[in-house]
Amino acid sequence: MKIVNPATLATIAELPEDDAASIAAKVTKARAAQPAWAAKPLPDRIAIIRKFEAALLANKDELALTLTREMGKPIKQAHNEIGAMPGRIDFFLDATAAAVADSTVLREAGNGVPKLEETIAFEPIGVVGNVSAWNYPYFVGSNVFVPALLTGNAVVYKPSELAAMTGLAIARLLHEAGVPKDVFAPVIGGGEVGRQLVDQKIDGVFFTGSHATGQRISQQAAARLMKVQLELGGKDPTYVADDADVRGAAESLADGAFYNTGQSCCSVERIYVHRKVADAFIAAFVEVVRGFKIGDPEDPETYIGPLARGAQIGVLEEQVADAVKKGGRLLIGGKRMARAGHYFEPTVLTDVGNDTLVMRQESFGPIIGIQPVADDAEAIRLMNDTDYGLTAGIYTQDRERARTVLRDIDAGSVYWNCCDRVSPRLPWTGRKHSGIGSTLSTLGIRAFVQPKAWHLRGP
Ligand code: NAD
């Protein structure tokens, strides 16, 4: 498999791909190795993951450069991602013991008959397949493999073909930290390799990626009734109310829309702004976007880099053409940049109704639609008018107004005066086309265990 730098289109590496036979062998070995891993005391597994965490930081410069070269993430943002890993991992290290502790829910005194005790215990699922995305490979990967390993599962991990070198680096550091090779096995390749992994006798599949692929995996897994968890895309809206701090909202939302070149599942993808402040907000927003530095992702000053996938440029061009045809106004950007690599100009469109592609289809690039609205009720109606349900937000000075609006929003995460934010302590969970199940929080630890109900009657 050729690894191509999206900023230069140069081939930077060639990796051997897995095939059905090698994947089957890895799954078989993982199944054989899993019971011994699960039998280790939890503090031993915690100590190993702690070593992995330290190794990430010790190798941060090299890891960040690899990520930047293979998927185009601006180097400062690659550093930010790796630098934020301890915050995530520490949560799992601290919270796992309590999340999977036995819980005795009934203890009846004997009084002449045998005593009755009822206990809920948790056991690992077994061998889990983790098919992962490229946009935040450290975050979305570790949301799965860290709690999976801590709770005693073996993991067969397929990084995205656009972040495969990062995937191999993660595997190497886990192995060096003490995770047995058969307990964490990377498989390398594209969609077909992912499909072959889901075909294996694994006990669960944890997927991060697009809705289309998630649906395919779900259908494939249904035949065997294994556990399926899906973290999918979004079309995340925000509403800027008429009492918002307009300049602050513009800065925050421009960052939320364009960070990682707009390639986040929780990127802000639609903005609704109250008519009373629409002109001021849009002017401030465009000014912030105009100031973004576009260029070589290896330059620490760069904020917008290339898209990881060249094919996405066609999607963005179509969104712009469709919006303009339907009466939208292009305020800045709108086309591919005249330079090598998959670059698209940061693009702002306004007067875009919910019938336009840019307000309906996940963009996953540096583009945003902004639509003025008359009141909170119209904002709520338009925000909910989507197939997705990952995140949504509001900017207002009024906490009660924020609560009232957000209560009516059908999304897994809601934000007041913030956006594009993930916390390890809160569940990361999508509704509708955004997914099934939760990662992060104690729910995202419980996702990797299965309950066993103990009914114990004895003297
Ligand atoms: P993708 O669906 O194209 O690919 C994801 C993974 O699935 C890759 O590893 C790919 O090789 C594999 N794959 C492709 N076809 C497969 C098949 N038939 N069977 C098994 N595996 C297959 O998505 P992507 O481009 O890597 O990621 C972008 C998408 O991921 C966006 O929609 C984004 O919103 C979403 N995402 C969601 C979250 C979240 O937590 N909700 C996080 C990051 C990304």
Side-chain angles (χ1 to χ4, degrees), residues 1 6 15 17-18 20 23 70-73 81 88 129-144 156-164 166-167 186-200 202 205-222 226 228-236 259-269 307-312 315 342 361-365 386-391 411-413 420-424 426-441 444 447:
M1 190 171 76
L15 302 178
E17 262 189 79
D18 275 276
I23 299 167
E70 71 178 337
M71 62 71 62
K73 188 185 293 267
E81 183 177 349
R88 300 252 178 144
N130 177 200
V131 179
S132 203
W134 47 265
N135 59 334
Y136 283 93
Y138 287 95
F139 286 164
V140 298
S142 64
N143 289 355
V144 172
V156 184
Y157 167 64
K158 196 198 90 60
S160 165
E161 56 274 40
L162 300 177
T166 293
V187 299
I188 296 300
E192 178 53 22
V193 165
R195 200 192 60 73
Q196 286 166 347
L197 171 57
V198 179
D199 249 358
Q200 297 296 318
I202 50 178
V205 57
F206 291 78
F207 172 72
T208 308
S210 62
H211 168 258
T213 308
Q215 203 171 35
R216 261 179 234 126
I217 288 180
S218 191
Q219 281 164 352
Q220 196 187 346
M226 65 169 140
V228 177
Q229 183 158 304
L230 307 171
E231 305 279 328
L232 309 178
K235 190 68 198 168
D236 300 1
Y259 192 84
N260 204 30
T261 315
Q263 303 166 115
S264 309
C265 52
C266 53
S267 286
V268 176
E269 291 239 347
L307 290 160
R309 282 178 312 199
Q312 198 65 12
V315 171
H342 305 315
Q361 177 190 63
E362 188 178 38
S363 305
F364 228 61
T386 173
D387 290 335
Y388 292 100
L390 193 58
T391 86
S413 294
D420 191 23
R421 178 176 193 276
V422 177
S423 162
L426 293 173
W428 189 246
T429 182
R431 298 182 181 179
K432 302 192 278 181
H433 284 193
S434 293
I436 297 175
S438 307
T439 50
L440 299 173
S441 78

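Computation of the quantities below employed the complete heavy-atom set of this structure, encompassing side-chain atoms and omitting hydrogens, waters and symmetry-equivalent molecules. Counting convention: from 1, in listed order, for ligands and their atoms alike.
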Go through the steps to decide whether Tyr138 and Thr166 satisfy the test side chain to side chain donor-acceptor pair (under 3.5 Å), and finish with yes or no.
-> CA-CA 8 Å; Tyr138 287 95; Thr166 293; 4.5 Å; no
Between Ser132, Gly430, Ala311, flag the one that comes closest to atom 8 (C) of ligand 1 by a heavy atom.
->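 Considering heavy atoms of Ser132, Gly430, Ala311, the nearest to atom 8 (C) of ligand 1 sits in Ser132.
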State the NZ-CZ distance between Lys158 and Arg195, to the nearest 0.5 angstrom.
->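 Here the interatomic distance stands at 13.0 Å.
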Taking side chain as C-beta onward, heavy atoms only, is Arg88 less than 4.5 Å from Leu440?
->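 The answer is yes; the side chains approach within 4.5 Å.
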Under a 4.0 angstrom heavy-atom cut-off, which atoms of ligand 1 come close to [X]?
{"X": "Asn135", "result": "43 (C), 44 (C)"}
{"X": "Val131", "result": "6 (C), 7 (O), 9 (O), 12 (C), 21 (N)"}
{"X": "Ala133", "result": "26 (O), 27 (O)"}
{"X": "Cys265", "result": "34 (O), 36 (N), 37 (C), 38 (C), 39 (C), 40 (O), 41 (N), 42 (C), 43 (C), 44 (C)"}

Does an N or O from [X], backbone or side chain, lie closer than 3.5 Å to an N or O of ligand 1?
{"X": "Ser434", "value": "no"}
{"X": "Glu161", "value": "yes"}
{"X": "Arg216", "value": "no"}

Does the side chain of Lys235 pick up a donor-acceptor pair with the side chain of Ser363 at under 3.5 Å?
->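 Yes, side-chain donor-acceptor contact under 3.5 Å.
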